[in-house]
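The figures here come from the full heavy-atom set of this structure, side chains too, leaving out hydrogens, waters and symmetry mates.
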Amino acid sequence: MKRHNSRILAMMTLYQYDIIEHSKLKDILEEDKIKEIATYSEIEENSEGFDVDENFYNSLVNGVLTNLEEVDKLISSNLVKWPLDRLSFVDRAILRLAVYEMKFTNTPKNVVIDEALLISADYADTDDYPAKKFNNKVLDSIKESLNAK
């Protein structure tokens, strides 16, 4: 459960980071202050029983941000008639997190996809926009392209 919660917190951090990037406020945010956007301790204080693996969380956020260009390129190449910047901030954060983990870690790709779909169902799905289904299709395509290499 700690890793799942770490992924949720990482997605929230990436979501907030993306909003700052799009609002042209990124110059205000110094690179080493990314933790101030969302911290595991703030969530733990406000959410009893929300256990987070701080090291795993940090490795996910830093890994995505360090490899953002490559991650975004892989996502973009697997979107059909849909540019990356048209995705919702939440979907983009979920996909970035999952793609980073599939490409740069040893976590089995099916586990990563399952985790991303759980997070999509809780944070991205709306009645008129089935994000889980969309994200599943994109992540399956990315998984196939990574397996083909």
Side-chain angles (χ1 to χ4, degrees), residues 1-31 33-40 43 47 50 52-149:
M1 195 62 163
K2 274 188 169 187
R3 285 187 155 235
H4 177 73
N5 291 342
S6 299
R7 286 181 180 99
I8 291 170
L9 182 58
M11 180 275 300
M12 290 176 179
T13 302
L14 294 169
Y15 164 84
Q16 292 175 350
Y17 180 83
D18 200 16
I19 288 174
I20 289 169
E21 286 286 309
H22 277 81
S23 66
K24 306 294 184 210
L25 294 175
K26 76 178 194 175
D27 294 335
I28 295 171
L29 183 69
E30 295 173 18
E31 198 65 38
K33 290 190 176 183
I34 189 71
K35 289 182 187 175
E36 291 180 20
I37 293 173
T39 64
Y40 68 94
I43 289 185
S47 303
F50 194 87
V52 174
D53 179 337
E54 181 184 358
N55 291 330
F56 184 59
Y57 159 78
N58 286 327
S59 71
L60 291 174
V61 172
N62 292 326
V64 171
L65 295 178
T66 300
N67 297 286
L68 190 58
E69 188 175 318
E70 190 172 351
V71 166
D72 282 355
K73 187 175 180 180
L74 189 53
I75 295 169
S76 293
S77 67
N78 285 278
L79 292 172
V80 179
K81 299 179 183 177
W82 202 269
L84 183 65
D85 63 349
R86 190 169 169 211
L87 296 176
S88 75
F89 287 104
V90 174
D91 286 331
R92 201 166 32 242
I94 292 167
L95 290 174
R96 284 174 170 164
L97 184 62
V99 169
Y100 165 75
E101 204 171 352
M102 282 195 292
K103 182 164 176 66
F104 295 100
T105 72
N106 293 326
T107 307
K109 291 174 181 63
N110 287 338
V111 170
V112 173
I113 292 173
D114 288 346
E115 285 288 318
L117 297 181
L118 287 172
I119 294 170
S120 294
D122 289 341
Y123 292 93
D125 271 349
T126 61
D127 291 337
D128 59 339
Y129 178 68
K132 182 178 174 183
K133 192 176 197 178
F134 177 83
N135 290 344
N136 187 34
K137 185 176 179 179
V138 173
L139 291 172
D140 278 342
S141 175
I142 291 169
K143 180 180 96 171
E144 293 304 316
S145 69
L146 289 173
N147 286 342
K149 291 182 180 180

Between [X] (side chain only) and [Y] (backbone N and O only), is there a donor and an acceptor less than 3.5 Å apart?
| X | Y | result |
| --- | --- | --- |
| Ser76 | Leu84 | no |
| Ser77 | Lys73 | yes |
| Asn136 | Lys132 | no |

To check you understand the geometry: which heavy-atom pair defines the closest contact between [X] and [Y], and what is its length?
| X | Y | result |
| --- | --- | --- |
| Ile94 | Ala116 | CG2-O, 3.8 Å |
| Asp18 | Arg92 | OD2-NE, 2.5 Å |
| Val112 | Ala98 | CG1-O, 3.3 Å |
| Ser6 | Phe56 | CB-CD2, 3.5 Å |
| Leu74 | Leu146 | CD2-CD2, 3.9 Å |

Q: Starting from the C-alpha separation in whole Å, work towards a yes-or-no answer on salt bridge (charged side-chain N to carboxylate O under 4.0 Å, His left out) for Arg7 and Glu101.
A: CA-CA 10 Å; Arg7 286 181 180 99; Glu101 204 171 352; 2.6 Å; yes
With rounding to the nearest 0.5 Å, note down the distance linking [atom1] in [X] to [atom2] in [Y].
| X | Y | atom1 | atom2 | result |
| --- | --- | --- | --- | --- |
| Leu95 | Asp72 | CG | CG | 10.0 Å |
| Phe104 | Thr66 | CZ | OG1 | 9.5 Å |
| Tyr100 | Leu65 | OH | CG | 10.5 Å |
| Asp53 | His4 | CG | NE2 | 14.0 Å |
| Ile119 | Ile8 | CD1 | CD1 | 5.5 Å |
| Asn147 | Ile142 | CG | CD1 | 12.0 Å |

Q: Before accepting this row, confirm whether a basic side-chain N of the pair Lys103/Glu70 lies closer than 4.0 Å to the acidic partner's carboxylate O.
A: yes
Q: Go through the steps to decide whether Met102 and Leu139 satisfy the test side chain to side chain contact (heavy atoms under 4.5 Å, CB included), and finish with yes or no.
A: CA-CA 9 Å; Met102 282 195 292; Leu139 291 172; 3.8 Å; yes
Q) Would Asp91 and Val138 satisfy side chain to side chain contact (heavy atoms under 4.5 Å, CB included), going step by step from the backbone distance to the final call? A) CA-CA 11 Å; Asp91 286 331; Val138 173; over 6 Å; no
Q.
Pair Met11, Leu60 - check side chain to side chain contact (heavy atoms under 4.5 Å, CB included), show working.
A. CA-CA 9 Å; Met11 180 275 300; Leu60 291 174; over 6 Å; no
Q: Classify the ring geometry between Phe134 and Trp82 as parallel (under 30°), tilted (30 to 60°) or perpendicular (over 60°).
A: tilted
Q: State, yes or no, whether a side-chain contact exists between Val61 and Tyr17 at a heavy-atom distance under 4.5 Å.
A: no
Q) Are Lys143 and Asn110 close enough, and set up right, to give a side chain to side chain contact (heavy atoms under 4.5 Å, CB included), and what steps lead you there? A) CA-CA 9 Å; Lys143 180 180 96 171; Asn110 287 338; 2.9 Å; yes
Q. Got a sec, which residues hit salt bridge (charged side-chain N to carboxylate O under 4.0 Å, His left out) with Lys109, two or more places apart in sequence or on another chain?
A. none
